[in-house]
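Reviewing the structure listed below.
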Amino acid sequence: MADVVFQPLSFRNLTVKNRVFRSNISGRFDNYDGSGTQTRINWELKFARGGVGAIISSFVPVHPRGRIIPNYASIVSDDRIPFWRALGAAVHQHDCKYIMQLSHGGRQRDIPDLEHPRGQSSTDKRDPLHGFECDRMTIADIKEVVAAFAEGARRAREAGLDGVELHGANGYLITQFLSSAINDRKDEYGGSLENRARFVLDIVRAIRARVGKDFHLQMKISATEFNNALLILRLEGAGNTVQESAQVCKWLVEAGVDAIHVSTGSSFPHPRNPAGADIDVSLLSHTYEQLASSGTNTFRNLLFFHNHLTAELFRKQWVDAGVTKDKIEGLSLADARVVKQAVPVPVICTGGFQTASVIRKAITAGDCDAVSMARPLVANNDLVKQFAAGKDRADRPCTYCNKCLVHVVEHPLGCYEEKRFPSPEAMLHEVMSVFQPPPFP
Ligand SMILES: Cc1cc2nc3c(=O)[nH]c(=O)nc-3n(C[C@H](O)[C@H](O)[C@H](O)COP(=O)(O)O)c2cc1C
Ligand code: SF4
């Protein structure tokens, strides 16, 4: 019998050759102003060559104020289209589809850029983790951002990409509207679930009006928010349940969404996303220095990470709020199942997948139609080819150590787990390989 992992998956407007998607994974590969580089193309080609059916891009800002850190390629203007066209064409040469993640950070950021020191959000409360300040969006602001998402979709289509994904997960702007914990508005965009969903539904309708019905559109959602996972977040409450999110997904599909990508966690990072076996606080105390001058809590956090006792307290809280290592693979499958039962469109599930038999079982059981992977593919770019050759798991799998995550605010994105490599030099050689070929050979 044919292996379900390698059966094509058909959406309304798109067919993908297998059931493994590269999940969104952001790295600082581009220019300060958000124009793209050869380095990002090199990065994406690693996964296209490795056999995934589709790549879902990293966080791509649709609006200049929606940026979360400098050096992420954006889609804020038409002059960005040629870069994305070149990237899409390169990926397509490997029979791999490319879906752009249309994004806006809102109040949740890493390093604000020079031009936009303040974020904007459904609320005027600072983000509780780093303390980045933000303005409560007016109706005019909402209309402007909705139009920016529609323009982003139109530009992605003109660039010849295969679809777009709304970043409605992990605490960014769309989550800030959807979330019962974060959204404290008194107008038609706050209060009831219906009102909180209005912003994202406006975006879906605006995109459909701009690009028509025949362009793939999916939504990534944090099905269960777990906004009370950390002491620091508890003041805001637990956030949306999977049942509330399933209702939102039904409305999204009615409004024109073609697929749902299930994630978890009301912030990024969150103890459950990307779920880690542990967190290396001494490494964090180095790279977090990058943030120390921006948010109102960041200097306090840095001191916390530098002091041995408080660092250990943080580490313990983070680890306790997550899941044990044996539960990381497929940790959102129960949520995916609830969403799948609520909607008639395909469901993609993210979180820890790296074993062919686990993926096969999840699809066969009807919990999801496909999986997306981020860290396991960073560790083993060719994992899908390994599956095709009959391997159930890579010889040196991702350990979920999250060193890639902790490094990324300062260093090139890549796998930094030394024990996966024969030597530290071999690890750095692999990390730096993203700069080959160079832009000016
Ligand atoms: C360094 C890093 C950057 C990420 N960037 C994004 C992003 O830009 N957009 C997004 O939706 N998810 C992002 N994620 C989350 C992943 O897409 C994925 O959903 C999560 O890591 C769980 O999957 P995994 O266990 O396969 O890594 C990122 C994860 C990591 C580790
Ligand atoms: S550093 Fe490597 S092993 Fe650790 S989580 Fe990231 S990809 Fe996996």
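Here, residue 1 is the first one in the sequence, and each next residue gets the next number.
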Can a salt bridge be assigned to the pair E329 and R393 using a cut-off of 4.0 Å between side-chain N and carboxylate O? yes
Return yes if some donor-acceptor pair links the side-chain N/O of E165 with the main-chain N/O of I99 below 3.5 Å, else return no. no
Shortest non-hydrogen contact between L166 and V200, atoms and distance: CD1-CG2, 4.0 Å
Between Q176 and G171, is there a donor-acceptor pair closer than 3.5 Å when you use the side chain of the first and the backbone of the second? yes
Which residues pass the side chain to side chain donor-acceptor pair (under 3.5 Å) test with N273, sequence neighbours left out? none
Quick one: do D320 and K316 make a salt bridge, cutoff under 4.0 Å? yes
Give me the ring orientation class for H167 and F59: parallel if the planes are under 30° apart, tilted from 30 to 60°, perpendicular past 60°. perpendicular
Run the salt bridge (charged side-chain N to carboxylate O under 4.0 Å, His left out) test against R136 and tell me which residues pass, sequence neighbours left out. D124, D184
Would K325 and Y400 satisfy side-chain contact (heavy atoms from CB on, under 4.5 Å), going step by step from the backbone distance to the final call? CA-CA 8 Å; K325 194 173 177 184; Y400 310 117; 4.2 Å; yes
Just checking H130 against Y288, ring centres under 6.0 Å apart? yes
Under 4.5 Å between any side-chain heavy atoms of K46 and V434, yes or no? yes
Sequence neighbours left out, what passes salt bridge (charged side-chain N to carboxylate O under 4.0 Å, His left out) with R315? Give chain and number order. D278, E312
Go through it in stages, so that I can follow the logic: the residues are E133 and T296, the test is side-chain contact (heavy atoms from CB on, under 4.5 Å), and I'd like the CA-CA distance, side-chain angles, deciding distance and then a yes or no. CA-CA 8 Å; E133 291 181 317; T296 54; 3.9 Å; yes
Between D202 and R208 (salt bridge meaning N to carboxylate O under 4.0 Å), is one present in this structure? no
R80: salt bridge (charged side-chain N to carboxylate O under 4.0 Å, His left out) partners, not counting sequence neighbours: none
Would you check if the side chain of N18 reaches a backbone N or O of G51 as a donor-acceptor pair within less than 3.5 Å? yes
Who are the ring pair (Phe, Tyr, Trp, His ring centres under 6.0 Å) partners of F47, not counting sequence neighbours? W43
How would you list all residue pairs meeting salt bridge (charged side-chain N to carboxylate O under 4.0 Å, His left out) that involve residues 337-346, not counting sequence neighbours? R337-D367, K340-D369
Under 3.5 Å, is there a donor-acceptor pair linking the side chains of S266 and N227? yes
How are the rings of H270 and F226 set relative to one another: parallel (under 30°), tilted (30 to 60°) or perpendicular (over 60°)? tilted
Do NZ/NE/NH1/NH2 and the carboxylate oxygens of R198 and E188 come within less than 4.0 Å? no
Hits for ring pair (Phe, Tyr, Trp, His ring centres under 6.0 Å) against Y98, two or more places apart or cross-chain, chain-then-number order -> none
Can you sort out the partners of F215 under ring pair (Phe, Tyr, Trp, His ring centres under 6.0 Å), two or more places apart, ordered by chain and number? none
Go through it in stages, so that I can follow the logic: the residues are V345 and V257, the test is side-chain contact (heavy atoms from CB on, under 4.5 Å), and I'd like the CA-CA distance, side-chain angles, deciding distance and then a yes or no. CA-CA 8 Å; V345 297; V257 161; 5.6 Å; no
Going by atom types alone, do H104 and Q120 pair a side-chain donor with an acceptor below 3.5 Å? yes
How many angstroms lie between atom SG of C401 and atom OH of Y416, to the nearest 0.5 angstrom? 11.5 Å
The criterion is side-chain contact (heavy atoms from CB on, under 4.5 Å); which residues satisfy it with A275, sequence neighbours excluded? V323, I328, L331
Using a strict threshold of under 4.0 Å (side-chain N to carboxylate O), is an ion pair present between R196 and E244? yes
Taking ring pair (Phe, Tyr, Trp, His ring centres under 6.0 Å) as the test, write out the residues that go with Y72, two or more places apart. none
Can you see whether D280 engages S282 through a side-chain donor-acceptor pair at a distance of less than 3.5 angstrom? yes
Just checking, any donor-acceptor pair under 3.5 angstrom between side chains of S57 and Q101? no
Over all heavy atoms of both residues, which pair between V164 and A156 is shortest? Give the atoms and the distance, please. CG1-CB, 3.6 Å
Would S263 and N170 count as having a side-chain donor-acceptor pair, cut-off 3.5 Å? yes
Salt bridge between K250 and E254, side-chain N to carboxylate O under 4.0 Å? no
Among S179, S180, S267, S245, whose side-chain hydrogen bond (donor to acceptor under 3.5 Å, both in side chains) with E225 holds? S179
Contacts of R272 that satisfy salt bridge (charged side-chain N to carboxylate O under 4.0 Å, His left out) - sequence neighbours left out: none
Compute the ring centroids of F314 and F304, then answer whether they are less than 6.0 Å apart. no
Give me each pair satisfying salt bridge (charged side-chain N to carboxylate O under 4.0 Å, His left out) with a member in residues 107-116, each pair once, sequence neighbours excluded. R107-E236
Could you check whether any side-chain N or O of S285 sits under 3.5 Å from a backbone N or O of L283, counting only pairs where one atom can act as donor and the other as acceptor? no
Closest heavy-atom pair, S58 versus N24, reported as atoms and distance to 0.1 Å, is CA-CB, 4.2 Å
Under a 4.0 Å threshold between the charged nitrogen and the carboxylate oxygen, would E44 count as salt-bridged to R22? yes
Could you pull out the closest heavy-atom pair between R28 and V409, with the gap in Å? NH1-O, 2.7 Å
